[in-house]
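For the numbers below, each heavy atom of this structure counts, side chains included, while hydrogens, waters and symmetry mates do not. Each ligand, and each atom within it, is numbered from 1 in the order the structure gives. Quick note: residue numbers are just sequence positions, from 1.
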Amino acid sequence: MSYRKELKVAELAVQRATLLTQRVFHEKAKGTLSKDDKSPVTIGDFGAQALIIHAIRRNFPTDEIVGEEEASSLREDKDLSNQIWELVNTTKLDDEASEEQLGGSPKTEREMLQAIDAGQSAGGRHGRIWALDPIDGTKGFLRGGQYAVCLALIVDGHVKVGVLGCPNLPVDNSAPLSADVGDKGGEGRGVLFAAVLGSGAVSRPLSRGALQDSQPIHMREVTDIAQATFCESVEAGHSSHGDQAMIAKKLGIVKESVRMDSQAKYGSIARGAGDLYLRLPVRADYQEKIWDHAAGDLIVREAGGQVTDVEGRRLDFSQGRTLKENKGVVAAPKDVHEQVLDAVRSVLGSK
Ligand SMILES: Nc1ncnc2c1ncn2[C@@H]1O[C@H](COP(=O)(O)O)[C@@H](O)[C@H]1OP(=O)(O)O
Ligand SMILES: [Mg+2]
Ligand SMILES: [Mg+2]
Ligand SMILES: [Mg+2]
């Protein structure tokens, strides 16, 4: 299957949602709510989820959706719900045909809340399931750092389409890897990554209207692993900086790691700005969420990379809302992945 329509809808929906998140960053007070697990959520997360789920339901009404957020806290907080509605109701792509392809946006606040709540699928190994992270790296978003709007289509447990909107990464695929977001105007920033299984990966500038032209992206060829650049989370609570530093040392890497939030890490290595992405578990009981990895996993593999967990198993998206059969992530160009994995095993094995 070509998944042509799925790809187009996903790209446009992510592009529109990034506009909403940027409006939140530039125009709104960025208050946060704390979720049960103490992680933050903003009006940007809810608004982006509403717009994207609306577009999926209009175009693919029988598909299931695994979305990170849900609306119960908004039903109890009218003021917050109103703020999100104002954003959702007024964020549109400049291009009418593209808006039409998305099926417009929710018509009422009630419809918006229903859309947010339509992301409660349990996931699993059968059927068509969209995995959605409306803002990945919420902490990065709040800091003015990197974040990503992430959407993937999983069919019978396999990722078929992946899209990442990264408003604060440079458009230029050859720009040096840095978590820096540049000047306040955002000139030259904003990139949309996409991949379809078997068709390669591309990037294009994020725009305010129709999709711009894309170009293919590839991982960089690494001939000497000691020269590789690796990226990791900013948050030490999300992956172990200590173990990652030991692995880098074992590989002879002397360059300092680049720390950035969100799946922008997957996009960055897929276009050869960096080479390796290591995410080593901090807590034995944390299960990675499918929406934190599905799009990035496909984009990196389609750009010539391999993505596994710390034991060398491919990420298994058929296990429900989490990657419960996996521990951590090791993403690298295919040719050196085994070498990186050996270093990971030896560091983790000796603990
Ligand atoms: N203990 C943890 N280990 C790994 N990832 C985590 C942990 N706690 C939260 N996360 C998730 O890490 C993601 C951000 O990753 P990164 O550090 O690469 O930017 C977020 O989606 C966040 O989930 P949440 O949305 O619940 O905060
Ligand atoms: Mg996330
Ligand atoms: Mg999120
Ligand atoms: Mg979150």
Assess K8 against Y3: is NZ or CZ under 6.0 Å from the centre of the six-membered ring, and within 45 degrees of the ring's axis?
-> no
So does E288 pair up with K327, basic N to acidic O under 4.0 Å?
-> no
Between ligand 1 and the protein, find all N/O pairs closer than 3.5 Å and give the distance for each.
unit_1	atom_1	unit_2	atom_2	d
ligand 1	1 (N)	G237	O	3.2
ligand 1	3 (N)	H238	O	3.3
ligand 1	5 (N)	R279	NH2	2.9
ligand 1	10 (N)	Y286	OH	3.1
ligand 1	12 (O)	H238	ND1	3.4
ligand 1	12 (O)	R279	NH2	2.9
ligand 1	15 (O)	R279	NH2	3.1
ligand 1	17 (O)	S233	OG	2.7
ligand 1	17 (O)	H238	ND1	2.7
ligand 1	18 (O)	S233	OG	3.0
ligand 1	18 (O)	K265	NZ	2.5
ligand 1	18 (O)	R279	NH1	2.8
ligand 1	19 (O)	S262	N	2.6
ligand 1	21 (O)	D136	OD1	3.3
ligand 1	21 (O)	D292	OD1	2.8
ligand 1	21 (O)	D292	OD2	3.0
ligand 1	25 (O)	E68	OE2	2.7

Count the heavy atoms belonging to other residues, nucleotides or ligands that lie under 6.0 Å from [atom1] of [X], then report whether that count exceeds 12.
| X | atom1 | answer |
| --- | --- | --- |
| D213 | CG | no |
| R208 | CZ | no |
| D37 | CG | yes |
| H241 | NE2 | yes |

Establish, from distance only, whether the side-chain atoms of D342 and Q339 form a donor-acceptor pair under 3.5 Å.
-> no
Does a side chain donor of either D45 or T138 reach within less than 3.5 Å of an acceptor in the other side chain?
-> yes
At distances under 2.8 Å, what protein N, O or S atoms surround the Mg ion (ligand 3)?
-> E68 OE1, D133 OD1, I135 O
Is P106 close to W85 at the side-chain level, that is, under 4.5 Å between some pair of heavy atoms?
-> yes
